[in-house]
Peer 1: 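Sending over a structure as structure tokens; questions will come in a sec.
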Protein chains: 2
Amino acid sequence: MYTIIDLKNILNVLTYTQSTDGAGQMSPKRNDTLKVKLERDIIAGLLKPGARLDEVSLAERFQVSRTPIREALLQLSSMGLVQLRPRRGAVVAEIGLKELLDMFEVMAELEGMCGRLAARRATKPELDHLQDVHAASEDAVTAGDYDAYYRCNVAFHETIYQASRNLFLAEQTMKLRNRLAPYRRSQLHQNGRLSGSFNEHKAILAALIAQDGAAAERLMQGHLTAQGGSMNDFIASLPDDVLNRSDPAAVAAG
Amino acid sequence: MYTIIDLKNILNVLTYTQSTDGAGQMSPKRNDTLKVKLERDIIAGLLKPGARLDEVSLAERFQVSRTPIREALLQLSSMGLVQLRPRRGAVVAEIGLKELLDMFEVMAELEGMCGRLAARRATKPELDHLQDVHAASEDAVTAGDYDAYYRCNVAFHETIYQASRNLFLAEQTMKLRNRLAPYRRSQLHQNGRLSGSFNEHKAILAALIAQDGAAAERLMQGHLTAQGGSMNDFIASLPDDVLNRSDPAAVAAG
DNA sequence: AATCGAAATCATGTATACAATAATTGATTT
DNA sequence: AAATCAATTATTGTATACATGATTTCGATT
């Protein structure tokens with residue numbers, strides 16, 4: 001086994017990773033502009049879950065024919081951001097409560113894995129950058145600037161994804177983060193989540209610098225799940241229609 | 001935190017999960033027949049990595065126009081099974097050594113997670129089914145029937161995915177398994193892997209029955225990674241062109 | 001008046017035609 | 001003879017036209 005571990009670590013240092021974009025295809029991007037624009041609208045919350053995506057409307061909005069629109073929708077469907085119902089058109093994906101909890105559970109695992117690997121593999125520049133981002137986020141906390149902290153938060157986590165030196169893991173985690181984004185908008189606005197999140201970042205950063213993989217994994221998982229308080233706020237922040245769409249039993253249980 | 005955990009467990013028992021297909025879209029399948037057929041050909045190894053996927057050839061082979069072919073290729077691209085190079089056509093995805101190791105690392109984590117959750121959540125019928133599958137696989141081992149064992153192996157793992165009671169996790173794990181499938185064909189044919197795999201399954205099954213999540217996770221990870229011996233065989237079984245395609249530094253390191 | 005049914009309308013799925021770009025081949029020049 | 005450039009060919013990307021199936025509306029019947 002050690003030969004493999006060594007090989008992997010050597011590869012992580014020596015190889016220049018062939019970068020693939022989010023869709024899993026090689027770097028030279030085709031006409032992804034439509035996909036990206038729609039994706040951003042969905043992630044940013046401009047297109048809310050359940051919103052209908054009419055092909056002809058989108059076509060005339062973007063001044064193209066239906067064909068590229070259909071291709072973009074197909075890609076977004078594969079990413080899970082839109083639902084494609086046969087002969088019934090596309091809508092922005094609505095995720096039920098059960099599915100959301102499932103996705104969050106996987107998200108915690110993946111982010112925890114990122115933390116564990118990053119503790120072992122992060123380079124000095126990556127750690128420096130992480131500290132810079134963390135410092136910037138502190139300013140955002142004191143200023144109470146939610147938007148600024150949101151951006152710092154994204155940068156913090158994505159830096160750790162990169163530092164895991166597992167490009168596939170980084171992509172998968174980012175994809176899942178984006179897919180959950182429409183349901184996380186107001187998360188940081190809950191009670192004391194801003195400073196809470198900041199303190200958790202602080203502990204995670206310390207674990208990474210100490211190269212303590214187990215601690216980094218545990219702290220990161222806690223940061224994302226109930227122990228960090230994030231999950232409760234997340235549930236609380238769910239829009240009514242998400243909860244209502246779920247199974248009656250689930251609502252009763254909640 | 002406990003309220004959430006309880007809610008989640010209650011949900012896992014009470015809710016009837018809205019099933020989504022592998023592409024992340026709701027159950028009523030559109031004309032996925034093309035995607036499925038191509039996917040099977042790729043997973044089964046009939047279409048080898050690097051093989052060119054000409055749209056017109058595929059169109060006349062399946063007796064349809066290029067449009068549905070393009071849609072199928074786009075979906076397969078999003079799944080990572082084919083590479084879509086702009087203006088240069090589609091090929092069956094070639095995965096470099098580094099990326100393969102990355103994917104395997106994530107695969108081990110996801111399967112480990114499935115094991116951990118299944119230990120806590122598997123129902124009696126699921127465990128019974130798992131034992132049946134395991135018994136059938138024993139016959140395959142004594143008979144030295146690789147194909148039969150391969151099928152049992154898939155059934156064993158997929159049953160555990162389901163038993164994790166996290167449908168999203170199950171889907172993601174299965175997707176990744178399929179994506180790695182073209183590179184795992186000859187894996188079981190290596191030296192004593194057949195009985196080795198069987199014994200590992202035995203230990204995993206015991207951990208699941210004992211509801212020992214930590215053990216199930218650890219054993220499952222070991223089953224997939226170097227400790228189980230699978231990784232070494234996997235590396236050894238890699239076709240030359242995969243290794244050659246990698247970065248020279250990687251080859252030197254290996 | 002309400003509900004069921006049928007027809008019409010509209011949106012999606014597929015095919016085909018056209019445009020644009022990359023690959024290939026051939027010719028010319030050094 | 002080899003290499004480079006240009007022109008042709010072939011394949012991908014986009015638009016549009018047509019077909020199929022779902023939804024909605026209007027009418028008739030209970």
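Naming: A, B, ... by sequence-line order, numbering from 1 per chain.
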Peer 1: Begin from the C-alpha positions of B/Glu111 and B/Arg177 and carry the test salt bridge (charged side-chain N to carboxylate O under 4.0 Å, His left out) through to its verdict.
Peer 2: CA-CA 10 Å; B/Glu111 291 243 14; B/Arg177 165 176 283 273; 3.3 Å; yes

Peer 1: Is the number of heavy atoms from other residues, nucleotides or ligands under 6.0 Å of B/Arg52 CZ greater than 12?
Peer 2: yes

Peer 1: Does a nitrogen or oxygen in the side chain of A/Arg52 sit under 4.0 Å from OP1 or OP2 of C/dT12?
Peer 2: yes

Peer 1: How close or far is atom C1' of C/dT14 from atom CD of B/Glu55, stated in whole angstroms?
Peer 2: 15 Å

Peer 1: Nearest whole angstrom, please: distance from the C1' of C/dG13 to the CD of B/Gln63.
Peer 2: 18 Å

Peer 1: Could you pull out every donor-acceptor pair under 3.5 Å between side chains of residues 59-69 of chain B and any protein atom, sequence neighbours left out?
Peer 2:
residue, atom, partner, partner atom, Å
B/Arg61, NH2, B/Asp41, OD2, 2.7
B/Gln63, NE2, B/Glu60, O, 3.0
B/Ser65, OG, B/Thr67, N, 3.2
B/Arg66, NE, B/Glu55, OE1, 2.9
B/Arg66, NH2, B/Glu55, OE1, 3.1

Peer 1: Nearest whole Å is fine: how far is D/dT23 C1' from A/Arg85 CZ?
Peer 2: 12 Å

Peer 1: Starting at atom CD of B/Glu60, determine the distance to atom C1' of C/dA15, rounded to an integer number of angstrom.
Peer 2: 15 Å

Peer 1: Expressed as a whole number of angstroms, how long is the span from A/Glu71:CD to C/dG13:C1'?
Peer 2: 14 Å

Peer 1: Is any side-chain heavy atom of A/Met103 closer than 4.5 Å to one of B/Leu169?
Peer 2: no

Peer 1: Go through D/dT14, C/dT12, C/dT16 for me and flag the one nearest to the A/Ser65 side chain.
Peer 2: D/dT14

Peer 1: When you compare the side chains of B/Glu126 and B/Thr123, does any donor N or O come within less than 3.5 Å of an acceptor on the partner?
Peer 2: yes

Peer 1: Each nucleotide in nucleotides 17-23 of chain C should get exactly one letter: B, S or -. Can you fill that in based on protein heavy atoms under 4.0 Å?
Peer 2: ---BSSS

Peer 1: Base, sugar-phosphate or nothing for A/Val64? Non-hydrogen atoms, less than 4.0 Å.
Peer 2: sugar-phosphate

Peer 1: Are any of the side-chain heavy atoms of A/Leu110 and A/Leu176 separated by less than 4.5 Å?
Peer 2: yes

Peer 1: In this structure, how many angstroms lie between the C1' atom of C/dG13 and the CZ atom of B/Arg70, rounded?
Peer 2: 15 Å

Peer 1: Taking the side chain as every heavy atom from C-beta outward, state whether A/Tyr161 and A/Gln172 have any atom pair closer than 4.5 Å.
Peer 2: no

Peer 1: What integer distance in Å separates B/Leu73:CG from D/dT11:C1'?
Peer 2: 13 Å

Peer 1: Using a cut-off of less than 4.0 Å, is there contact between a side-chain N or O of B/Thr67 and OP1 or OP2 of C/dT14?
Peer 2: no

Peer 1: Without decimals, in angstroms, what is the distance between A/Leu53 CG and C/dA11 P?
Peer 2: 14 Å

